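A quick note: this is a predicted structure, and the numbers were derived from the prediction, not measured. Each chain gets a letter, A, B and so on, in the order the sequences are listed, and its residues count up from 1. Excluded from the calculations below are hydrogen atoms, water molecules and symmetry mates; all remaining heavy atoms, backbone and side chain alike, are included.
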Amino acid sequence: MNDPLSEPSVYLRIQGIVRQIPAGRVSTYGQVAQLAGGCTARMVGYAMASLPEGTDVPWQRVINARGRISPHGMGYGSILQRQLLEEEGVRFSPDGVIDRNLFFWP
DNA sequence: CGGCTGACTCTGG
DNA sequence: TCCAGAGCCAGCC
């Protein structure tokens, strides 16, 4: 049942993976890409960029491999992302880095 | 069908 | 640690 190729498109497949991320946790683009299968970290980022504003996909829980938020949305999108994560209980280091052992998923 | 765009990751210096 | 370049691919016009 879990035939990834059964999904209509790569982007929708990626969105499905992101929805599986529980609140209070985060994941990386590369991780989501591997879970989706057949796609790369870039595809995940591009898929997130194409998400609508009222999407039900927790795009905020997806960050880069460094455990940090990548600048996007003219720089303000990343700020919003950080606020949303803090609302869910995710802690950031003074440098804006998330502890991989505490919040990274899976 | 061609060209442009984009929220990444890796390696070398 | 930071910076620059290369690799990579699905959407959209």
Selected nucleotide, minimal atom distance to A:Ala41 side chain, candidates B:dC8, B:dA7, B:dG6: B:dC8
Starting the side chain at C-beta, find the nucleotide from B:dA7, B:dT9, C:dA10 nearest to A:His72. B:dA7
Is there a side-chain contact between A:Ser9 and the phosphate of C:dA10, meaning an N or O under 4.0 Å from OP1 or OP2? no
Without decimals, in angstroms, what is the distance between A:Arg66 CZ and C:dC2 P? 8 Å
If you check the A:Ala49 side chain, which of B:dA7, B:dC8, C:dG11 turns out closest? B:dA7
From CD1 of A:Ile63 over to C1' of B:dT9, roughly how many Å is that when rounded to an integer? 14 Å
Atom CG of A:Asn64 and atom P of B:dA7: how far apart are they, to the nearest Å? 13 Å
Let's see if you can work this out: which of B:dA7, B:dG6, B:dC10 has an atom nearest to the side-chain heavy atoms of A:Ala65? B:dC10
Between A:Arg25 (side chain only) and A:Val90 (backbone N and O only), is there a donor and an acceptor less than 3.5 Å apart? no
Using atom CD1 of A:Ile79 as one end and atom P of B:dA7 as the other, report the distance to the nearest whole Å. 15 Å
Under the side chain to side chain donor-acceptor pair (under 3.5 Å) rule, what pairs show up with a residue in residues 88-106 of chain A, not counting sequence neighbours? A:Gln60-A:Glu88, A:Arg61-A:Glu88
Gap between atoms OH and C1', on A:Tyr46 and B:dT9 respectively (whole Å): 10 Å
Report the distance from atom CZ of A:Arg13 to atom C1' of C:dC9, rounded to the nearest whole Å. 12 Å
In whole angstroms, the gap separating P of B:dA7 from CD1 of A:Ile21 amounts to 18 Å
C:dC8 -> Watson-Crick or G-U wobble partner, both distances under 3.5 Å, gives none
Nucleotide of C:dG11, B:dA7, B:dC10 approaching A:Tyr11 most closely (side-chain heavy atoms): C:dG11
Can you check whether A:Val97 reaches A:Phe92 side chain to side chain, under 4.5 Å on heavy atoms? no
Among B:dA7, C:dC9, C:dG11, which nucleotide sits nearest the side chain of A:Val10? C:dG11
Considering every strand and a 4.0 Å limit on heavy-atom distances, what is the contact class for A:Ser70: base, sugar-phosphate, or nothing? sugar-phosphate
Atom OH of A:Tyr29 and atom P of B:dC10: how far apart are they, to the nearest Å? 14 Å
Here the pair of heavy atoms bringing A:Met48 nearest to A:Val57 is CE-CG1, 4.4 Å
Residue A:Arg66 excluded, over 12 heavy atoms near CZ under 6.0 Å: no
